[in-house]
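First comes the structure, then the notes that go with it.
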Amino acid sequence: MIRVKIENKKIQIKGHALYDDFGKDIVCAGVSTLVITTVNAILRFDREAITYQVKEGNVLIEKKKDTKEVNLLLENMIALLKE
């Protein structure tokens, strides 16, 4: 199961959807695409707005700047992950 933990200025995404084997799971691919696209979009606005770490398929995003664009993109990502 993919878990999303939101605490203050940190968002952690970890786990596996278990829809299919590792490397073949379309649910995990969708989540990865959404998260990577969001991180890249935020960094295009401001390279110092967030920090992120990817380790063994787990992602930790930490918000460093509280701007309208950053908040909107992160809120959108969270809403889509809930869907």
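The first residue of the sequence shown is numbered 1, and numbering continues consecutively from there.
- With sequence neighbours excluded, the residues satisfying side-chain contact (heavy atoms from CB on, under 4.5 Å) with Asp66 are Lys9, Lys63, Asn71.
- Separation of atoms CG (Leu81) and CD1 (Ile2) is listed at 8.0 Å; rounding is to 0.5 Å.
- Rounding to the nearest 0.5 Å places CE of Met77 at 11.0 Å from CD of Glu75.
- Placement of Ile11 and Leu72 in two distinct hydrophobic clusters is found when ILVMFWY residues are connected by side-chain heavy-atom separations under 4.5 Å, directly or transitively.
- The cluster map of Ile, Leu, Val, Met, Phe, Trp and Tyr, joined by side-chain heavy atoms under 4.5 Å apart, puts Ile13 and Leu60 in different clusters.
- Expressed to the nearest 0.5 Å, how far CD of Glu62 lies from CD of Gln53 amounts to 8.5 Å.
- Linking ILVMFWY side-chain heavy atoms closer than 4.5 Å, directly or via other members, places Leu80 and Ile78 in a single hydrophobic cluster.
- Taking both residues in full, the closest heavy atoms of Val70 and Ala49 are given as CG2-CB, 3.6 Å, listed atom of the first, atom of the second, then distance.
- Lys64 has its side chain within reach of Thr51: a pair of non-hydrogen atoms, C-beta onward, lies under 4.5 Å apart.
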Throw together a table of side-chain donor-acceptor distances under 3.5 angstrom for residues 32-46, partners on residues two or more places apart or in other chains.
residue	atom	partner	partner atom	Å
Ser32	OG	Cys28	O	3.0
Thr33	OG1	Ala29	O	2.8
Thr37	OG1	Thr33	O	2.7
Thr38	OG1	Leu34	O	2.9
Asn40	ND2	Ile36	O	3.4
Asp46	OD1	Glu48	N	2.9
Asp46	OD2	Lys65	NZ	2.8

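- Between Lys10 and Ile6, every side-chain heavy-atom pair lies at or beyond the 4.5 Å cut-off.
- Not counting sequence neighbours, Lys68 has no partner by the side-chain contact (heavy atoms from CB on, under 4.5 Å) test.
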